[in-house]
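Values below: every heavy atom of this structure, side chains too, minus hydrogens, waters and symmetry copies. A note on names: the letters A, B, ... follow the listed sequences, proteins ahead of strands, and every chain is numbered from 1.
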There are 2 protein chains.
Amino acid sequence: MPPMPPQATSNSTGMATTSSEELGSAAQRERRKRIIDATLALAAKGGYDAVQMRAVADKADVALGTLYRYFPSKVHLLVAGLSREFQRASEKLDRTKIPGDTPTDRLLFVLGRNTRMMQRDPHLTEAMVRAFMFADTTAAAEVEQVGKLMESMFARAMGKEVPTERDSVIFHMIADVWMANLVAWVTRRASATDVQHRLELSVRLLLEGRDED
Amino acid sequence: MPPMPPQATSNSTGMATTSSEELGSAAQRERRKRIIDATLALAAKGGYDAVQMRAVADKADVALGTLYRYFPSKVHLLVAGLSREFQRASEKLDRTKIPGDTPTDRLLFVLGRNTRMMQRDPHLTEAMVRAFMFADTTAAAEVEQVGKLMESMFARAMGKEVPTERDSVIFHMIADVWMANLVAWVTRRASATDVQHRLELSVRLLLEGRDED
DNA sequence: CACATATATAGAACACGTTCTACTCTTGAG
DNA sequence: CTCAAGAGTAGAACGTGTTCTATATATGTG
């Protein structure tokens, strides 16, 4: 067993620790940030395949061994990147008044906004989303964290800060449909408008049990 | 450009050609079958990681180069395996009277039956489902075919042999939720009962706009 | 039959994720 | 200050997906 370094974001409560995020010295937080920056930069340029561990290490100016000490696999790395992106989106959302007359409309606004944001960077989205779906059991915790982030964004959008169990399940389904559609879009099996329509229909059905107003 | 062999299953109509399936000499169909058999056997024994191209080639008694001539990547191979499994499930279904009083119930029966069938072989399911989700654009056609199979199974279950556009979209969403739940199950982020409940809830909401009867 | 061409084979070669080794640099406890 | 343990570094090494090369075998056409 190697001695664990900064690493892992288990955090049993699911709440972020104040604002500074997790353990590690300043230098370590710096390194971790550089690594994720490098990852996302490479992903944005060439997608999943362009995120090569040696390239990430180089660009982040750490040794390959160090990279692996921080993130035990390429998938962990990319899911961590997705997590950070969602965290940022979520924070930005907090500073925004979400438009829409009904909770459903507001959820749809959030979903549409994030979808468009991701579609603006196809390579990056491809890399993160494929890693997310490919993740195996060893990255289950990281995937779960992303799930939590999506759920809480949805909850906030709908003004259900404390979702019921049923709400949670429905948010989870919406997240599933969202991710599935992003995957389809990323692999060119669905157009941007396909995605938009499907999301709208499924959200209305799941939340209101109807579509067309 | 290398000369294409048996290969690809485009089939623009989406209909299976009578019963014998696709082009190629008898020997070629034989090889193809052996390859998929070998793939599924290895997958059943050790999941995604155990499906190693050299091992598949060995077990199928073909050269590595031949394997690649038939299936251009590991993902193609596994998605083809999933496709064949679904085709079989679909055929078996055709020989079955689907129980259930309402179309929704019948769809849920089919979904539950297939889910249980897949859960009976966790490794195999893990291998196929992860490949399915990880597939890139080069395997989009194969993924689409699997999508078509799911859709037509659902359509048949509900007695909607000729689904409307709206039906299709809804079937697609159900397939998305189904696959997402299988992924979650496979990575131990969801239990079998979680999956069952989520599927039931989402199908009822998507099809009837309500749950609890 | 004979040959041209498509397929199949064995195995080397290559790429990239991951692991390992040997060494150096930091850091914090005493 | 000293030094032991942890963290980082450079780079070799390994495993598996994929590609390439050289050769052999089928196959169908004159």
Side-chain angles (χ1 to χ4, degrees), chain A residues 1-8 22-35 38-39 42-43 46-81 127 130-131 134-136 138-139, chain B residues 1-8 22-35 38-39 42-43 46-81 127 130-131 134-136 138-139:
Chain A
M1 279 292 154
M4 286 276 103
Q7 185 72 322
E22 308 308 328
L23 39 156
S25 71
Q28 286 176 332
R29 265 178 283 112
E30 250 309 306
R31 261 188 217 99
R32 189 184 151 88
K33 176 177 184 317
R34 283 210 311 279
I35 290 173
T39 300
L42 288 167
Y48 188 88
D49 291 338
V51 179
Q52 303 189 352
M53 300 306 270
R54 286 175 248 260
V56 171
D58 273 9
K59 181 168 266 229
D61 235 324
V62 298
L64 190 54
T66 305
L67 172 53
Y68 274 96
R69 182 192 281 277
Y70 281 70
F71 299 95
S73 82
K74 176 169 172 170
V75 163
H76 284 78
L77 188 52
L78 281 164
V79 175
R130 283 181 66 209
F134 188 56
D136 66 3
T138 72
Chain B
M1 279 291 155
M4 286 275 103
Q7 185 75 319
E22 307 309 326
L23 39 156
S25 72
Q28 286 176 331
R29 265 178 284 113
E30 249 308 307
R31 262 189 217 100
R32 189 184 151 89
K33 176 177 183 318
R34 283 208 312 279
I35 290 173
T39 301
L42 287 167
Y48 188 88
D49 290 339
V51 179
Q52 303 189 352
M53 299 307 270
R54 287 175 248 261
V56 171
D58 273 9
K59 182 168 264 230
D61 235 325
V62 298
L64 190 54
T66 304
L67 172 52
Y68 273 95
R69 181 192 283 274
Y70 281 69
F71 299 96
S73 82
K74 176 169 172 172
V75 163
H76 285 78
L77 188 52
L78 281 164
V79 175
R130 283 182 65 208
F134 189 54
D136 65 5
T138 72

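If you take CG of Leu64(B) and P of dT18(D), they are 10 Å apart, rounded to a whole angstrom. Note: CZ (Arg54(A)) to C1' (dG11(D)) measures 10 Å, nearest angstrom. Distance CG (Leu67(A)) to P (dC16(C)): 16 Å, rounded to an integer number of Å. The interatomic distance linking Leu42(A) (CG) with dG17(C) (P) rounds to 11 Å, in whole Å. In this structure, Leu78(B) atom CG and dG17(D) atom C1' are separated by 13 Å, rounded to whole Å. The interatomic distance linking His76(A) (NE2) with dT19(C) (P) rounds to 11 Å, in whole Å. A straight line from CZ of Phe71(A) to P of dA7(D) spans 16 Å, rounded to a whole angstrom. In this structure, Tyr48(A) atom OH and dC16(C) atom P are separated by 13 Å, rounded to whole Å.
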Go through it in stages, so that I can follow the logic: the residues are Thr138(B) and His76(B), the test is side-chain contact (heavy atoms from CB on, under 4.5 Å), and I'd like the CA-CA distance, side-chain angles, deciding distance and then a yes or no. CA-CA 9 Å; Thr138(B) 72; His76(B) 285 78; 3.2 Å; yes
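Side-chain atoms of Arg69(B) lie closest to dA8(C) of the nucleotides dA12(C), dG8(D), dA8(C). For Thr66(B), whose side chain is taken as the heavy atoms from C-beta onward, the closest listed nucleotide among dA12(C), dT18(C), dA8(C) is dA8(C). Taking only side-chain atoms of Val62(B), from C-beta outward, the nucleotide of dT18(C), dT9(C), dG8(D) with the closest atom is dT9(C). Counting only heavy atoms from C-beta on, Tyr68(A) has its side chain closest to dG17(C) among dG17(C), dT7(C), dG8(D). In the set dG17(D), dA10(D), dT7(C), the nucleotide with an atom closest to the side chain of Ala63(A) is dA10(D).
Between Phe134(A) and Tyr48(B), the angle of the ring planes goes over 60°, which puts this pair in the perpendicular group of the 30/60° scheme.
Each of Ala27(A) and Gly65(B) lies near DNA chain D, and the nucleotide nearest Ala27(A) is the one positioned closer to the 5' end. Checking Gln52(B) against Arg34(A), the closest nucleotide of DNA chain D that is more toward the 5' end is the one next to Arg34(A).
When heavy atoms are screened at a 4.0 angstrom cut-off, Ser25(B) is found touching no nucleic acid atom at all. Counting non-hydrogen atoms under 4.0 angstrom, Val51(A) reaches the backbone sugars and phosphates but no base. Contacts of Asp61(B) with the nucleic acid, taken as non-hydrogen atoms under 4.0 Å apart, involve only primed sugar atoms and P, OP1 or OP2.
Leu77(A) places a side-chain heavy atom less than 4.5 Å from the side chain of Met53(A). Side-chain contact between Arg130(A) and Asp136(B) is present, with at least one heavy-atom pair separated by less than 4.5 Å. Looking at heavy atoms from C-beta onward, Arg29(B) lies out of side-chain contact with Arg32(B) at the 4.5 angstrom threshold.
Residue Tyr70(B) places none of its side-chain N or O atoms closer than 4.0 Å to OP1 or OP2 of dT7(C).
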